[in-house]
Amino acid sequence: MWRKRAEIALFVTPALALLVAFVVVPVATAVQMSLYRWKGFGPMVDFVGLRNYVSVLTNEVFTDAVVHNLVIVVGSILLQLPLGLAIALLLNRKMWGQGLLRTIIFVPYVLAEVIAGVVWFQLLQPEYGVIDTMLAAVGLHGPEQGFLGTPEYALGTVLVVLTWKYLGLAVILFLAGLQGVPDELYEAAQLDGASWWQVQRRITIPLLGPTMRTWGFLSMIGSLQLFDMVWILTGGGPANATTTMATFLVNEGTKRQNFGIAGAASVVLFVIALVLALAYQKFILSRDSKEGGR
Amino acid sequence: MMTRTRFMRGATAVALGTTVALLGAACAGQGTGSQGDDDGSSADASTITWWHNSNTGEGKEYYDKVAADFEKDHPGTTVEVSAMAHEDMLTKLDAAFQAGDAPDVFMERGGGELADHVEAGLLKDLSEPAADTISTIEPYMSGFQVDGASYALPFSMGVVGFWYNKSLFEKAGITETPTTMDELYAAFDKLQAAGITPASVGAGDKWPAAHYWYYNVIRQCSADTLDTAVTSVDYSDPCFVKAGETLDELLATEPFNKGFLTTPAQTGATSASGLLASGKVAMELAGHWEPGVMQGLTEDGSGLGEDTGWFPYPSIDGQQGTDGAQMGGGDAWAVSKDAPDVAVDFAQYLLSDEVQQGFAELDMGLPTNPTASEKVSDPALAELLEVRDSAPEIQLYLDTLLGASVGGAMNDAIALQFAGKATPQDVVDAVQSAAEADQ
């Protein structure tokens, strides 16, 4: 018995130590920081209770940021799910250049976020950018301040760039899921005289359900934590039109040295992400585990 | 070569490019930051550590020689020099302050940031031990004093003004540089009529846009009004709203490059400095670092070359501010609280006639020691230095003056005004409420 326990301890300890050092301690520190007014140096002594939370939750920039995050969560899924599915179904057919096409679709996802961001920032420059030049060539005019510089268009533009960047992940996951659909089902359907469209609708897509739900979870969490692309493209501007919770807290923390406010914002972000993740687990992902158990 | 204090303020962004996990991890390192334990860096009184940001070419060699000369004059003393890129230095300094492990001699930028460091007990009071040096650089000391005590010795001080393209001005038929706002607007008109975008501004980084508001404040408010407002945390004087109204007037003439709301200050060809350097716009409001930045952004490394011109921010009709007052900022040498006394001697040596003259000859910055002024060789910088030295007042950048928290809120509000999403009153309200929260 002791030997078994020792074995468990031996194997669990390293993982547990890492978890504590890199997850539990930072989260606890963020919570502690959120209760103080602290500029990033000197002793943390100015205890303010929940005041930082009040100031975060009543700050319009932050509440707008929460809305932006939710728009991106929903927008990403609405754009990427149908597009990703369509492309995956097309690429799943035997055709010439299949490997090349798959690679092209997947390349943006592999590209470093900062590089992709800088490239898109330059493409979208008003007057000097490629996109404006192309629009001008066909007689169209982009917005005066550019797509990223106009508050009304900025968030939509960020969403388009994110779709370009992350579509590859959806496609590759869906393609992997498609490999798991047994060929016998297709053969049986063909014998019954089902059309290509009927096969996709009645067999492929339902069987792809677990993959889509898992992808949806990853997409949601990624959208909630969105930072890099926004920071590079707009820095949260113009006029806070694209601020996300993460850009808000980095701006408050490292730029303005309001580490207490940043701590409170990060705790709020943590709670929102946790609640949504648990809800997703309970109402959407749980179907997969039940199905698996049947 | 120039010490560009404000360079990379916006661009540090790129280095931050990771997810939220980053902040979490960073937090773990911060702990409670207990102060006061003596840490080794000063345990050996004969060794002093010095951090600076002249990390390339002649500047680095010069500072190495300065350290060696000091060692020669002070047998038994060793100066450990760490030269690093500006943004690296700022990050490392923040970490060192948190760990209570600051170097003995390092750079401070004055204002609210310095006051915070003083409050946290990080800096040595230099009023007594460096009294002689302070008397030679007296005009530049105000931003580096807290409650009458001096905590850093400014060694380079620049002022912000309009850098312009002489040949584009000529093309537009502008013969005299503008001295009043009306003349500035007339110049905008002439440039626009000639099909030239008058000015670029890096409003994406916020502070370049905020400089316009600061200057309007310095013109519209008297120095006393501004001082009183800052110390009593009361920005209700109407001159602050007036400053914003002047900004609205200026914005109404639409002088800026397309997309200025997301334009970065200094990174890349389409940045505000890049547009000026490549002749796409005629002028930009910027500090003494601009020629150096433009040189870095042009392929042949010459920037605007002989077309580089400079004129101070125009005056406003009926202004209450002192005529000819300038806005700027600088870099200063500070000594950490636990540093040995010889570190103070070293900081003073860095401000000596000899060291400052060499500093000026290499165009490393705009020296504060009066004996070094004439050694500055670059003509545009020499012109700027003349304006600086004859200025009745030099007001520190308002964001530096007010510290990161209030300064950041102020710059964000001004950026909103540039986007047409805030009124002059909104900006003043934002400053007021941030300042109250910072109390």
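Convention: sequence-line order gives letters A, B, ...; per-chain numbering from 1. Just so it is clear, the values below take in all heavy atoms, side chains as well, and ignore hydrogens, waters and symmetry mates.
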Chain B contact via [X] - which portion, at a heavy-atom distance below 4.5 Å:
| X | value |
| --- | --- |
| A:Gln122 | side chain |
| A:Pro151 | side chain |
| A:Glu113 | neither |
| A:Tyr36 | neither |

Can we call the ring centroids of [X] and [Y] under 6.0 Å apart?
| X | Y | answer |
| --- | --- | --- |
| B:Phe256 | B:Tyr212 | yes |
| B:His211 | B:Tyr397 | yes |
| A:Phe41 | A:Phe259 | no |

Return yes if some donor-acceptor pair links the side-chain N/O of A:Lys255 with the main-chain N/O of A:Val250 below 3.5 Å, else return no.
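The answer is no, because no donor-acceptor pair under 3.5 Å joins these two groups.
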
Side chain A:Asn52, main chain A:Ser34, donor-acceptor under 3.5 Å
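Between the backbone of A:Ser34 and the side chain of A:Asn52 there is a qualifying donor-acceptor contact (under 3.5 Å).
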
When [options] are compared by non-hydrogen pairs under 4.5 Å with chain A, the top option:
| options | answer |
| --- | --- |
| B:Ala434, B:Ala95, B:Gly204, B:Gly408 | B:Gly408 |
| B:Asp116, B:Asp94, B:Leu261 | B:Asp116 |
| B:Gln417, B:Glu119, B:Lys280, B:Lys206 | B:Lys280 |

More than 12 heavy atoms of other groups within 6.0 Å of A:Tyr153 OH
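No, because the 6.0 Å sphere around OH of A:Tyr153 holds 12 heavy atoms or fewer from other groups.
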
Would one find more than 12 heavy atoms of other residues, nucleotides or ligands at under 6.0 Å from atom CD of B:Glu436?
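More than 12 within 6.0 Å, yes.
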
Which class fits the ring pair B:Phe97 and B:Phe106: parallel under 30°, tilted 30 to 60°, perpendicular over 60°?
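If you compare the ring of B:Phe97 with that of B:Phe106, the planes turn out perpendicular.
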
Tell me, for [X] versus chain A, whether the close heavy atoms (under 4.5 Å) come from the side chain, the backbone, both or neither.
| X | result |
| --- | --- |
| B:Leu275 | side chain |
| B:Lys258 | both |
| B:Ala404 | both |
| B:Phe260 | both |
| B:Ala437 | backbone |

